[in-house]
Amino acid sequence: MKIQVLRNATTLLSVGGHRILVDPMLSEPGALPGFKVFGGGRRPNPLVPLPATAAAALAQATAVLVTHEHPDHFDRPGLDFARRRGLTVWASPVDAPNLRRKGLDARELRDGVLGMAVEVVPSRHGRGLLGWLMGPVAGVYLAHPDEPSLYVVGDSVLTDAVLDAIDRLQPDVILAPAGAANMGLGGDILFSLDELVALARRAPGEIVFNHLEALDHCPTTRAGLAARLAAEGLLERTRIPADGEELVFETRKAPHRRPRSTAAPAGGAQKWITARFAGT
Ligand SMILES: [Zn+2]
């Protein structure tokens, strides 16, 4: 299995013959509005361009996977790319119908698709009312029989559901967002540094951090995160790739755990509100 973080959450995942483009935000720098609402520091996003290797990576894509419909995970150029290339877009049962309405070949992630054991693990994109307003997010466990298993956590704060998924599924690799996003309004909407440390301690295998240094409301730096993980004695099994860097994983510790039937993220009014602000 290979994981190539392109920028923010946009990642090319090579697994079992698939080249799955996760959460494509393909906009030029500054093409999206700032996400920081209060407290200063609002700047147009993304802050940095895609790496030079992105074009070659995108050309390989055989499918798209969207964890949720926020513009830093699926923007207009990302949608146009999927549509132009005729790529199937895999998403949770709450997001897939909305993506189909946009003219995409969107299908629901469930156990057995793509030749893999699959479980959707609901994530929570913040706490309280703010977390609710941020809408549903799908974490995704993917286990191909010939590859290490992977848990893509998606945008989340630390919850019992996330910790339970780690304990139960024992993923060989975890991919988690580390930007500690905060809009200057309410609490953090992504794992805080303390929560990232707790997540890394809980991880049975390696953990890869993305969602870094690309957006105005994500203050964590790679250097700052590495320093904290080093101080906690966790650097050895954590990876903080540069944009475009490709990581290779070969180790499978044990037979893959079986997923349980998918507990889909909540839909209803929460999804309806988010869809109005999806930006695509
Ligand atoms: Zn995000």
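We count ligands from 1, going down the list as the structure has it; atoms in each ligand are counted the same way.
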Looking at the Zn ion (ligand 1), is one of the N, O or S atoms of His70 less than 2.8 Å from it?
no

Work out the angle at the Zn ion (ligand 1) between OD2 of Asp72 and NE2 of His211, rounded to 10°.
90°

If you measure from the Lys or Arg side-chain nitrogens to the Asp or Glu carboxylate oxygens, is any gap between Asp164 and Arg168 under 4.0 Å?
yes

Quick one: does Leu109's side chain get under 4.5 Å of Leu65's, heavy atoms only?
yes

So the angle subtended at the Zn ion (ligand 1) by Asp155 atom OD2 and His73 atom NE2, rounded to 10 degrees, is 90°

Can you check side-chain hydrogen bond (donor to acceptor under 3.5 Å, both in side chains) on Asn45 and His217, steps first, answer last?
CA-CA 9 Å; Asn45 288 308; His217 68 330; 5.4 Å; no

What residue among Arg124, His70, His125 forms side-chain hydrogen bond (donor to acceptor under 3.5 Å, both in side chains) with Asp155?
His125

